[in-house]
Number of protein chains: 2
Amino acid sequence: MAPVTLKDVAKVAGVSYATVSRALSGSPEISEDTRCRILKLCKEMGYTPNSIARSMVKRRTDIIGLIVPSLNNPFMSELTGQLEIYARNRGYNLMVCCSSYDHDLEKEVFALLVGRQVDGIIMIPGGNEIYESLSSLTSQVPTVFISDNLQDYPENYVCVDNFRGTQIATEYLYSLGHRDILYFGARQKSKTHKHRLEGYLATCEKLGLEPHVLPSSYSRSSREVGYTMAGDYFSKKNRETAILCAADMLAIGVMQAAFDAGIRIPRDISLMGFDNISFSALPQIDLTTINQPTQQMAIAAVDMLLDRIKNPEAEHARLILPPSLVERKSCRSIAK
Amino acid sequence: MAPVTLKDVAKVAGVSYATVSRALSGSPEISEDTRCRILKLCKEMGYTPNSIARSMVKRRTDIIGLIVPSLNNPFMSELTGQLEIYARNRGYNLMVCCSSYDHDLEKEVFALLVGRQVDGIIMIPGGNEIYESLSSLTSQVPTVFISDNLQDYPENYVCVDNFRGTQIATEYLYSLGHRDILYFGARQKSKTHKHRLEGYLATCEKLGLEPHVLPSSYSRSSREVGYTMAGDYFSKKNRETAILCAADMLAIGVMQAAFDAGIRIPRDISLMGFDNISFSALPQIDLTTINQPTQQMAIAAVDMLLDRIKNPEAEHARLILPPSLVERKSCRSIAK
DNA sequence: TAAAATTACGTGAACGTTTACAGAGCCATT
DNA sequence: AATGGCTCTGTAAACGTTCACGTAATTTTA
């Protein structure tokens with residue numbers, strides 16, 4: 001518990017503390033002998049550099065703030081894990097804050113992190129209210145968003161190509177012979193979901209399919225929402241042979257409703273999701289879905305942020321990563 | 001991007017910077033007028049206190065380090081989320097590091113966090129190698145473990161009562177009429193698993209049941225392990241009517257193997273897990289299990305750590321929280 | 001009304017680093 | 001032998017706070 005400082009080491013070594021600092025920082029302005037001697041002494045004395053003091057003078061902390069809506073959501077917690085590992089490999093630590101999908105909290109923890117002098121912030125917005133506060137937040141500190149909602153704003157962000165995702169999904173279902181595909185759970189307010197819907201609609205048009213859309217009036221894409229909506233849907237006669245859900249969680253709810261209604265997947269109807277959350281890989285679920293490249297997103301977000309930190313005056317960057325098909329057991333090929 | 005400091009505010013206000021500091025810290029040694037005037041000015045000028053500088057002189061950072069094996073595991077990411085929220089409510093931020101179940105990394109990030117001058121560390125060990133390094137780590141900074149492996153060491157920890165958990169589970173299965181209960185996936189090296197096994201064995205003895213144990217030679221309790229082990233098990237004739245798994249993930253693997261073998265749960269055999277991870281609540285899984293009180297554990301760990309920070313010389317604390325039964329659909333009552 | 005107590009504020013040191021600058025010692029060049 | 005240029009090390013200021021101390025102005029007390 002006794003904090004041994006540069007000065008302590010310097011005193012024992014019989015040099016000034018600037019010399020010790022030089023020995024540790026790898027400065028060339030020091031002879032090899034003294035460097036070795038000092039380094040050895042540091043070890044012996046159990047010296048640990050105080051990064052607070054260093055931050056004080058260097059005017060940077062090597063800390064990245066992360067604002068994430070929730071760590072209960074597997075997609076976000078996995079992303080968080082990736083971000084932490086990659087950031088640490090690049091010499092940065094992560095200060096994590098959960099916003100609980102609450103925009104006031106988002107602003108509050110943003111200010112908190114700024115006060116903590118983080119070098120930059122990676123933010124996964126929890127909703128759409130973020131637009132109002134965008135510039136007042138990002139003017140304070142370099143910020144990168146992980147979100148598909150920001151095309152029209154001068155901000156840095158990385159996201160997955162949602163349009164392309166539903167395009168891939170629709171084409172896949174088409175290739176299996178499906179001609180009546182229901183797009184399930186289109187949320188109105190989210191731009192992410194708008195792009196997914198558009199990918200579906202555009203592909204329908206390209207393939208000459210008639211689009212069927214079941215919009216969601218809910219503000220989140222939970223299993224419960226999927227279950228409720230699908231219960232309604234299955235209670236009537238329908239001609240669709242496949243359902244493309246706007247999110248995996250919805251699809252899992254749909255699965256349950258299908259089970260309750262005695263409808264078998266994929267025998268009676270094919271089902272696809274979007275996100276590839278870890279749940280979906282469970283054999284009991286085994287959902288064919290569109291993968292978001294979590295690791296790539298994490299790496300890209302950190303890289304982008306560090307670029308912005310190094311060069312804050314640079315143009316805003318955007319990176320849109322390609323999604324990919326994950327083929328599992330929830331879709332089947334049907335006769336034409 | 002222009003950092004406005006105490007001095008700037010002081011200059012504009014025409015007072016010394018000590019006065020500004022007093023106005024902000026709520027010191028009584030200042031008149032109400034000047035305080036209001038300064039506070040208003042701070043707002044106008046967009047002043048944010050620099051917590052680095054404050055940490056420098058106060059010799060504390062109000063930061064807690066968290067070392068967690070992985071954020072892919074839902075149990076741990078949920079725990080992390082709870083820790084963050086509660087710690088923030090108590091005025092602390094969380095610096096999170098993933099150890100990837102690697103003990104060398106555990107030691108490395110511990111040192112990193114110490115260098116960052118965190119006020120304390122909450123550590124969820126990823127394995128058993130932790131024993132070797134225990135005292136050399138915890139002598140550096142107040143530390144609280146979340147782990148059931150530390151009864152024999154003078155450390156602070158909180159955990160769930162694993163013995164009680166399997167006791168509850170065994171009694172529950174007994175109450176449903178089961179007399180032949182297999183304990184599935186007992187890991188040898190983990191003390192957590194040792195306690196779970198002991199709870200089962202003790203309860204068998206108490207109830208006059210003959211224990212059946214299927215040990216696991218694997219070092220982790222994954223779905224794949226459960227699937228493989230259960231495949232073997234189901235390929236032979238067995239008399240057990242219920243399986244109690246040492247972890248939910250194992251049970252999910254068992255479910256899959258049962259499905260492959262044409263064995264229906266709970267009709268043909270009852271199945272229980274331990275942990276209550278979020279997967280288990282999915283209707284497609286619907287696993288009866290033993291809950292670990294994540295939120296209570298998080299709150300207790302933070303409270304305990306802050307106690308230790310305030311009073312480092314105090315006796316080591318241990319808190320063992322009660323688990324609880326979560327009744328779902330994977331067990332059935334059988335005729336006696 | 002003088003002494004004592006109180007209030008409100010300023011002064012300056014401290015926290016543990018980094019770094020610009022200066023300077024000492026040595027060797028090579030003219 | 002004087003000058004210049006190295007190489008190495010020391011000095012001191014700075015980063016933005018907090019806080020112990022000092023002190024002037026004001027109020028209270030005897």
Side-chain angles (χ1 to χ4, degrees), chain A residues 1-39 41-42 45-63 91 112 114-119 140-141, chain B residues 1-39 41-42 45-63 91 112 114-119 140-141:
Chain A
M1 295 280 180
V4 29
T5 74
L6 261 192
K7 254 177 194 157
D8 300 330
V9 178
K11 202 178 292 172
V12 177
V15 296
S16 78
Y17 47 94
T19 305
V20 181
S21 172
R22 275 188 279 258
L24 289 159
S25 66
S27 152
E29 302 191 332
I30 191 175
S31 73
E32 267 316 305
D33 317 4
T34 42
R35 153 164 299 142
C36 287
R37 195 164 58 87
I38 288 171
L39 252 39
L41 197 59
C42 283
M45 299 178 65
Y47 167 73
T48 332
N50 181 327
S51 31
I52 294 294
R54 170 178 303 181
S55 296
M56 194 76 216
V57 26
K58 287 225 166 189
R59 326 211 47 167
R60 55 162 227 252
T61 51
D62 298 331
I63 297 177
L112 206 78
V114 170
R116 289 250 180 233
Q117 312 297 115
V118 298
D119 293 342
Q140 302 183 65
V141 68
Chain B
M1 295 280 179
V4 29
T5 74
L6 261 192
K7 256 178 191 156
D8 300 329
V9 178
K11 203 177 292 170
V12 176
V15 297
S16 77
Y17 47 96
T19 306
V20 181
S21 172
R22 273 188 280 255
L24 289 158
S25 66
S27 151
E29 301 193 334
I30 191 175
S31 73
E32 267 316 306
D33 317 4
T34 43
R35 153 166 297 142
C36 286
R37 196 164 58 87
I38 289 172
L39 251 40
L41 197 59
C42 284
M45 299 179 64
Y47 168 73
T48 332
N50 182 325
S51 32
I52 295 294
R54 170 177 305 179
S55 296
M56 193 75 216
V57 25
K58 286 224 164 187
R59 325 212 49 165
R60 56 161 226 252
T61 51
D62 298 332
I63 296 177
L112 207 77
V114 170
R116 289 250 180 233
Q117 312 296 117
V118 297
D119 293 342
Q140 302 182 63
V141 68

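Just so it is clear, the values below take in all heavy atoms, side chains as well, and ignore hydrogens, waters and symmetry mates. Letters A, B, ... are given to chains in the order of the sequence lines, protein chains preceding strands, and every chain is numbered from 1. Since we're looking at a predicted model, the values are computed, not measured.
- For A:Arg54, the side-chain atoms get nearest to C:dT18 when compared with the rest of C:dT18, D:dT17, C:dC9.
- Remark: P of D:dT18 and CG of B:Asp62 are 12 Å apart, rounded to the nearest angstrom.
- Nearest-nucleotide assignment on DNA chain C puts the 5′-proximal partner with B:Ile30, out of B:Ile30 and B:Arg59.
- One interatomic measurement links the two molecules: NZ of A:Lys7 to P of D:dG10, which rounds to 15 Å at whole-angstrom precision.
- B:Asp33 CG to B:Ile38 CD1: the interatomic distance, rounded to the nearest 0.5 Å, is 10.5 Å.
- Distance, A:Asn50 CG to C:dC15 P: 12 Å, rounded to whole Å.
- For C:dG10, the OP1/OP2 oxygens have a side-chain nitrogen or oxygen of B:Thr19 closer than 4.0 Å.
- Across all strands, A:Ser21 comes closer than 4.0 Å to base atoms (heavy-atom distances).
- Nearest-nucleotide positions on DNA chain D place A:Ser31 closer to the 5' end than the other of B:Glu29 and A:Ser31.
- Rounding to the nearest 0.5 Å places CD of B:Gln117 at 10.0 Å from CD1 of B:Ile63.
- For the OP1/OP2 pair of C:dC9 and a distance below 4.0 Å, the side-chain nitrogens and oxygens of B:Thr34 include at least one atom meeting the criterion.
- Take the nearest nucleotide of DNA chain C for A:Leu6 and for A:Arg22: the residue whose nucleotide is more 5' is A:Leu6.
- Regarding contacts with the backbone of D:dG16, every side-chain N or O of B:Thr5 stays at 4.0 angstrom or more from both OP1 and OP2.
- At distances below 3.5 Å, at least one donor-acceptor pair connects side-chain atoms of B:Ser25 with backbone N or O atoms of B:Ser21.
- Atoms CD1 and CE, from A:Ile52 and B:Met56 in turn, are 8.5 Å apart once rounded to the nearest 0.5 Å.
- Checking side-chain atoms of B:Asp119 against main-chain N and O of B:Arg60 turns up no donor-acceptor pair under 3.5 Å.
- Nucleotide C:dT17 holds its P atom 11 Å from the CD1 atom of A:Ile52, rounded to whole Å.
- For A:Ala18, the listed nucleotide lying nearest its side chain is D:dG10; candidates were C:dC15, D:dG10, C:dA8.
- Atom-to-atom, NZ of B:Lys11 to P of C:dG10 comes out at 15 Å; the value is rounded to the nearest Å.
- The side chain of A:Val15 sits closest to D:dG10 out of D:dG10, C:dC9, C:dC15.
- Rounded to a whole Å, the CZ atom of A:Arg35 is 13 Å from the C1' atom of D:dT9.
- Side-chain atoms of B:Val57 lie closest to C:dC15 of the nucleotides D:dA13, D:dT11, C:dC15.
- To the nearest 0.5 Å, atom OG1 of residue B:Thr19 and atom CD of residue B:Glu29 are 10.5 Å apart.
- What separates OH of B:Tyr17 from C1' of C:dG10 is a distance of 10 Å, to the nearest Å.
- With rounding to whole Å, B:Leu24 atom CG is found 15 Å from D:dC19 atom C1'.
- Ranking D:dG16, C:dT17, D:dT9 by closeness to the B:Met56 side chain, first place goes to D:dG16.
- If you check D:dT17, C:dG16, C:dA8 against the side chain of B:Ala53, the one that comes closest is D:dT17.
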